[in-house]
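Reading through the structure tokens given below for one structure.
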Amino acid sequence: MRLSDLQAITHEDLLITRLGPRTVETPLQELLGNRQESVHYVTETDRVLVDDTLGMAKNRGVDAADLPAFNPGGPRRQLFFDPSEVTAAIVTCGGLCPGLNNVIRALVLHLRHAYGCRDVLGFRNGYQGLADGSEPLRLTPDLVRDIHTRGGTILGTSRGSQDPATMIDTLVAHKVNALFVVGGDGTLRGAQMLAAEAARRGLPIAVVGVPKTIDNDIPWIDHSFGFQTAYARAAESIQAAHTEASSGVNGIGLVKLMGRHSGFIAAHATLVAQGVDFTLIPEVPFTLDGLLDGVRKKLANQGHAVVVVAEGAGQDLLPPSTATDPSGNRKLGDIGAFLREQLTEGLSDLPLSLRYIDPGYAIRSVPANAFDAVYCTRLAQAATHAAMAGFTSVMVGSRRGRFINLPIALATATSNHVDPHGDLWMAVLETTGQPLSL
Ligand SMILES: Nc1ncnc2c1ncn2[C@@H]1O[C@H](COP(=O)(O)OP(=O)(O)OP(=O)(O)O)[C@@H](O)[C@H]1O
Ligand SMILES: O=P(O)(O)OC[C@H]1O[C@](O)(CO)[C@@H](O)[C@@H]1O
Ligand SMILES: [Mg+2]
């Protein structure tokens, strides 16, 4: 996220689409009755500011009341839907991510127990299950009771495009009026199309996104769920590489981590594991000569070197490819294998012991850690509140610790990247001691 994205944002960009007036009293009335406004609770009529520095706010040159601000997440006293008439549906799409089952479980329990919704259906295999005529799973509290202890998704997931008209036909056939889409940027784009198709037909179907991706590339929010679990797991591979490298003669530990266009996993895992000498991310270009030279110096000075490379880093060093996956995501060249080869060849004058670790899918197929488990539950509750209020084409997430509702259009307009001028990258540079540019 660039400062210019922040500065360009207007009040209109933050408006949430509503299905209609809210006239139904919430069944959570008793729970809400005593709530006191506090620094931990934003009332439904208040707003969460976009800017959080004096400089940014001042730059806008407007009165405080006109500063752009997000719609706060959380329960509303008046609902659009009568919960007893709501059939909800859930789909999980894109790559696996720790916490998918936590989100499914929390959605089902919150929808059924807190709001008393009629039914919750789980469509299988992502958007595919909304288009292939397969029967959805009836998600009862009993069925989901223990699923949060497992990685993956009990609903399955997929990549690949489906016709929005067919998917809306499926929702109509099953009398679904609230759809929860759990996924990344692609999934959210799909959700936007679904909400648009429902609106075109005048159908009151709430489409609510829950931000999932280990890459943490969804903008405006603190993080997507699963990201923290993934980088904690990735750090274990770095620690292994460090142990191997520091025990060998001229040991090099090379670790490739996921992160298509954003180096958040590599950056955070570096800070967890420590002992990394070079962290390479898509946002910061490097040259092969610069890296070889740096590694050579490290071997001479400390006897070993640890290199962490995000899969999207250094793509300009590899043969160009136009291949895409079924969702249209560009298939990346294998930077890990390339660097293993180049380091081996480029330092062939030295007796090397290079250990290459690619933990790949192992960092995202695991159950959510405690932090993500909490976040998933809170996201699911926020998503349920948004749907019941009749908000649509909306995504929930935490921003600077506060839950907000934001238009999906805003979440898909840009992506989140490690800022080479930001504090996170500075912390990585300070930790690795690598030069500003390689
Ligand atoms: N522009 C788009 N319009 C409509 N649907 C889309 C679009 N992009 C992707 N989708 C659909 O969304 C689903 C998931 O997309 P994708 O495979 O890109 O994963 P994702 O949600 O970005 O998650 P992740 O990046 O974590 O893997 C797929 O079924 C895909 O066809
Ligand atoms: O499951 P697939 O299609 O191999 O996806 C791999 C991609 O998915 C992610 O895990 C999430 O987007 C990326 O880090 C990775 O590039
Ligand atoms: Mg994606």
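Values reported hereafter were calculated over all heavy atoms of this structure, with side chains retained and with hydrogens, waters and symmetry mates removed.
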Check for a donor-acceptor pair, side chain of Asn102 on one end and backbone N or O of Ala373 on the other, with a separation under 3.5 Å.
-> no

Heavy atoms of Gly253 and Ala245 approach each other most closely as N-CB, 3.5 Å

- [ ] Flag the pair Asp119 and Arg138 as a salt bridge only when some basic side-chain nitrogen lies within less than 4.0 angstrom of an acidic carboxylate oxygen.
- [x] yes

Taken in chain and number order and not counting sequence neighbours, the residues that satisfy side-chain contact (heavy atoms from CB on, under 4.5 Å) with Arg201 are Ala165, Ile168, Asp169, Glu197, Leu203

Closest non-hydrogen contact found for Lys212 with Gly94 is NZ-C, 3.6 Å

| message | Around atom CG of Asp316, are there more than 12 heavy atoms from other residues, nucleotides or ligands closer than 6.0 Å? | response | yes

Q. When you look at Leu171 and Leu130, which way does the side-chain contact (heavy atoms from CB on, under 4.5 Å) test go after all the steps?
A. CA-CA 8 Å; Leu171 295 179; Leu130 283 173; 3.6 Å; yes

- Query: Do the rings of Phe403 and Tyr375 sit parallel, tilted or perpendicular, given the 30° and 60° boundaries?
  - Reply: tilted

- Query: Quick check: does any side chain N or O of Gln128 sit under 3.5 Å from a backbone N or O of Gln162, one acting as donor and the other as acceptor?
  - Reply: no

Rounding to 0.5 Å, atoms CD (Gln434) and CZ (Phe286) come to a distance of 10.5 Å

Note: His110 and Thr384 closest approach over all heavy atoms is ND1-CB, 3.3 Å

Query - pair Phe391-Arg18: side-chain heavy atoms closer than 4.5 Å - result: yes

Q.
Does any part of the side chain of Thr279, heavy atoms only, come nearer than 4.5 Å to the side chain of Val307, both counted from C-beta?
A. no

Q | Beyond-backbone contact of Ile218 with Ser415, side-chain heavy atoms, under 4.5 angstrom | A | no

Separation between NE2 (His268) and CG (Asn216), nearest 0.5 Å, reads 7.0 Å

Closest heavy-atom pair, Ile265 versus Tyr231, reported as atoms and distance to 0.1 Å, is O-CB, 4.0 Å

Item to check | salt bridge (charged side-chain N to carboxylate O under 4.0 Å, His left out) between Lys256 and Asp334, intermediate numbers included | outcome: CA-CA 9 Å; Lys256 181 177 113 174; Asp334 190 344; 3.1 Å; yes

Side-chain heavy-atom pair Thr170, Phe123 within 4.5 angstrom cut-off: yes

Q. Side-chain contact, heavy-atom cut-off 4.5 Å: Leu96 with Thr153?
A. yes

For Leu28 and Pro75, the nearest pair of non-hydrogen atoms, with its separation, is CD2-CB, 4.2 Å

Next on the checklist: Evaluate Asp325 against Lys331 for salt bridge (charged side-chain N to carboxylate O under 4.0 Å, His left out), listing each step before the verdict.
Outcome noted: CA-CA 6 Å; Asp325 74 8; Lys331 284 195 175 165; over 6 Å; no

Measure from the ring center of Phe264 to the ring center of His223 and say whether it is less than 6.0 Å. no

For Arg22 and Gln78, the nearest pair of non-hydrogen atoms, with its separation, is CD-O, 3.2 Å

Side-chain heavy-atom pair Val428, Leu271 within 4.5 angstrom cut-off:
yes

Self-check item: Test item: His417 side-chain N/O and His261 main-chain N/O as donor-acceptor pair under 3.5 Å
Solution: yes

Distance col, row Trp220:CH2 vs Ser398:OG, nearest 0.5 angstrom, shows 15.0 Å

Less than 4.0 angstrom from a charged side-chain N to a carboxylate O is my criterion; do Asp222 and Arg400 meet it?
no

The residue among Val144, Leu111, Leu143 that forms side-chain contact (heavy atoms from CB on, under 4.5 Å) with Val120 is Leu111

task = Indicate, with yes or no, if the rings of His385 and Tyr115 have centres closer together than 6.0 Å.
result = yes

In this structure, OG of Ser237 is separated from CG of Leu257 (nearest 0.5 Å) by 7.0 Å

Without swapping roles, check the side chain of Arg77 against the backbone of Glu25 for a donor-acceptor pair under 3.5 Å.
no

Review point. Is the closest side-chain donor-acceptor distance between Asp372 and Thr229 under 3.5 Å?
Key: yes

Original post:
Quick check: does any side chain N or O of Arg159 sit under 3.5 Å from a backbone N or O of Gly328, one acting as donor and the other as acceptor?
Top reply: no

Output for pair (Leu379 CG, Met395 CE), nearest 0.5 Å, gives 8.5 Å

**Asked** Would you find a donor on one side and an acceptor on the other, under 3.5 Å apart, between the side chain of Ser327 and the backbone of Gly160?
**Response** yes

* To do: Examine distances only and state if a side-chain atom of Asn177 and a backbone atom of Thr87 form a donor-acceptor pair shorter than 3.5 Å.
  => yes

